[in-house]
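The structure appears right after this line, and notes come after that.
Naming convention: chains lettered A, B, ... in sequence-line order (proteins, then strands); numbering from 1 in each chain.
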Amino acid sequence: MKYMLVLLAIPALLLPAACLIYIVYQALPALDVDLIFGSDAVVIGVNSVGQALWSQISGSLLMMSLACLLAMPMAASIALFHAFWASHKQKKLLTSILQVLQGIPPIVYGLCGLVVLVHLLHWGISLAAGAVILSIIILPLLASNTIHALERIPLEQTESALSLGLSKVSVITRVWMPQAWPSFLTGLLLSMARALSETAPILFTATVFSGITWPDSIFSPVTSLQTHIFYLAQEGSNEQAIHTAWASAVVLLTLVLIFSLTALYLRRYERIS
Amino acid sequence: MNTAKQNSRCSIPQTSTLNQTMVNVENLSLQMGDKHILQHVSFDLPAADITSLIGPSGAGKSSLLRCMNMLNTDWTGHIQVQHTDIRHWHGGADILRKHIGLIAQKPAVFPVSIADNVLFGLSRSQQKENTSALLQHCLQQSALWDEVKDRLDQPANTLSIGQQQRLCLARALALKPSVLLLDEPTASLDPRSKQLIELSLHELAQNIPILCVTHDLDQAQRLQGNILFMCDGKIIETADCDSLFNHPQKLETREFLRWSVCDCD
Amino acid sequence: MNKQRLLLPIVLLGCIAALLGGLSLFWFLTSNAWNFFQSFGISALWQTEWYPYEDLYGFLPAILGTLWALCIAMLVAIPCGLAAAIVSSELLPNTWQSIARLSMEILAGIPSVVYGLIGLWVLLPFLQEHLNLLTGHSLLAAGLILSLMILPTIMLMAQDALDSVSQEQREAALNLGLDWNQLLIRILLPQAWPGIRSGLLLALGRGLGETMAVMLVVGSLDRIPQPFYNILEPAQTLTSRIGREMGEAAFGSMHFAALITCGLVLAVFATIISLSAQRKGSIA
């Protein structure tokens, strides 16, 4: 039985390393400084596949930050409502709803965003639409992480602070924030990683393939790393496009891993201390 | 009545009529990192009767039990049960543990019914047989039968801690062990359960050897039998109950009995 | 004191914004789907033809494709993921355990479009060569790439659940002379089951909603495989259909309403999965 389990487990345990090594190996021909900062676009066919990735990276990061900025106050409000005002029944309902929302496929949010934001509100394919959609996608994750972070604070501390006559605002700033900031940050970083890796919902609502280095306003389309990979992946006949796709994947992966690994490190650090 | 011999090879005076040894521990040492947990521990357990292991906390009492059960395998020396070295036990450590019942300080019941808990250690074919007689016998031996006989199919974690501990005792007894090791079995229990467990230990001690770790000197006195006094991983003194409590031979023992402190360095 | 009075309105504002977002989303889904069902009837769900240009909207091929892909993914990922969790939490020494954990967390963090890339340029040529397929685009490819994506979820949740079985329980079982297999089957797995189960459901939900990777490898052919268990043929899933046709469908057309209905079907499936995860979870 032990041997059977080990035999089954070996592929699962080796796959992650294999995947990472393969991605980097495929990306090597295209990985250099020019890839990110270079300006000479190598035009092949209609699309400039050799284009430097700088605009895609900035587009992705811009959209991610906007989405987080939008989602943070909402998540904080939900968590505070949960902590201060909600009754036991409301709390249960709230967490249940958040869990359901978290389970709904992102593409469904993207579809709704396409209808409401792009068409009904006439925002067009735009940065704003993408940011709003992403913020709604990460909202349940961020909110439930914040709620959990607040719940981990011992109840006695909050109660003794309140019984000292501290107001709710000072409880938040003087008792909760100093203690729970690593948890808040962990939640935020995980949401950022999530926002950065979502592709499908922004494919038709916020991004175009090329031609934009920096969006003029929030109502103009952007380029993003995720969708860039998607477009390049389908350029089947072009060797260089594929290598650029793998290289973009490496860049995207690095960005995502910076966020998620920092979050994991923080979580572990918090568990130890 | 024999008196305790004060040589390095401590053998327990035989108060019972049975003269063969059941468990024989010789020169047992255990090291964790650079800390010596047990140093050259040697003693025998007779084929029946209670032996209490007393000593301050951190003396290595629990580690000793875990070595005898092969939960801890890094030790050196010899442990023989029924004249067989436990390292070369036929069938391996799992089978050995069926012969040596160990009851931990905190009861750990499994999240199944009371009856299933008692029968948990039995093999599947044994469980298929008519088990109600065995069930009743074990629960009676551990003085729990009267309290649970009407609700054997209820989940075991509805019992109180004291009842859970007695359930653990019954669970170990269902395997018909040839030795019973107890690690402060009554440390966190109510007086009533404590009394019941001590009573059933007295009963059981007529047939099998029992090694009971305790830090409660009164309990050691109540249990009678032999006493092993351990400190800093070494056995300081062994004697039967009355002579150890009334005429301790060693200075450390006297200090421990009077002040509950021990300085053996 | 001014701050105190501001807190409640601000919090309420935030909550109302979130609530409005959620409600409008729900409303747009249902109202569009309602329009669609009024014109085509509920029977569209089990009709087999999907030709938007001839106004034929049958959902069965995509629903069947989704189910097949999920089935394959779970069949591959559950044994591997559980075995990996058991091996890493019970058999490996501590250092290797944390390495295995870290690598799984990295695998979980890889964006889906990168998985799509792997599927398109590694898995498809492989299948094409070894199974003599035309292009490799197939349900099997979709299932395999999905299994890779849900593997970390299953393994991480199962490992957490196994780790949370207390040391006392393990030792109590060992004291009764149970060997390793019995310990696993009678103590560890039953006690870790609630956690493992919610991990499986979470993985199921993730697999259901995955779009990019599936879209790139499934082939997007709106046809029920012939015969229906032929997983080597290209097919279509709900998510890949939305992803493929979202850009083409004219806004306001019946085609668009049909796509939104696809979204609603997905949302309903996802809700069922997460609700069932919650309900049983609270009992255990």
[X], part contacting chain C, at a heavy-atom distance under 4.5 Å:
| X | answer |
| --- | --- |
| B:V112 | neither |
| B:I100 | backbone |
| B:L122 | backbone |
| B:L175 | side chain |
| B:R171 | both |

Any side-chain heavy-atom pair from [X] and [Y] closer than 4.5 angstrom?
| X | Y | answer |
| --- | --- | --- |
| B:D94 | C:W180 | no |
| C:E171 | B:L71 | yes |
| B:R97 | C:L174 | yes |

Q. Mind checking what makes ring pair (Phe, Tyr, Trp, His ring centres under 6.0 Å) contact with C:F59, not counting sequence neighbours?
A.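 For C:F59, the residues satisfying ring pair (Phe, Tyr, Trp, His ring centres under 6.0 Å) (neighbours in sequence not counted) are C:F36, C:W50.
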Q: State the CE-CG distance between B:M70 and C:N175, to the nearest 0.5 angstrom.
A: 13.5 Å
Q) If you look at every heavy atom in B:A108 and C:Q169, which pair is closest and at what distance? A)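 So the two residues come closest at C-NE2, 4.0 Å.
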Q. Of the listed residues (C:E168, C:R186, C:Q182), which shares the most heavy-atom pairs with chain B below a 4.5 Å separation?
A. C:R186
**Q.** Pairs flagged by ring pair (Phe, Tyr, Trp, His ring centres under 6.0 Å) wherever residues 61-98 of chain B is involved - sequence neighbours left out
**A.**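 Checked against ring pair (Phe, Tyr, Trp, His ring centres under 6.0 Å) - neighbours excluded - the pairs reaching residues 61-98 of chain B are B:W89-B:H99.
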Q. If you check every heavy atom in residues 74-108 of chain C against those of chain B, which residues fall under 4.5 Å?
A. none
Q. Taking only residues two or more places apart in sequence, or in another chain, which ones meet B:Q141 in a side-chain contact (heavy atoms from CB on, under 4.5 Å)?
A.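 side-chain contact (heavy atoms from CB on, under 4.5 Å) check on B:Q141 returns B:H137, B:L173, B:L204.
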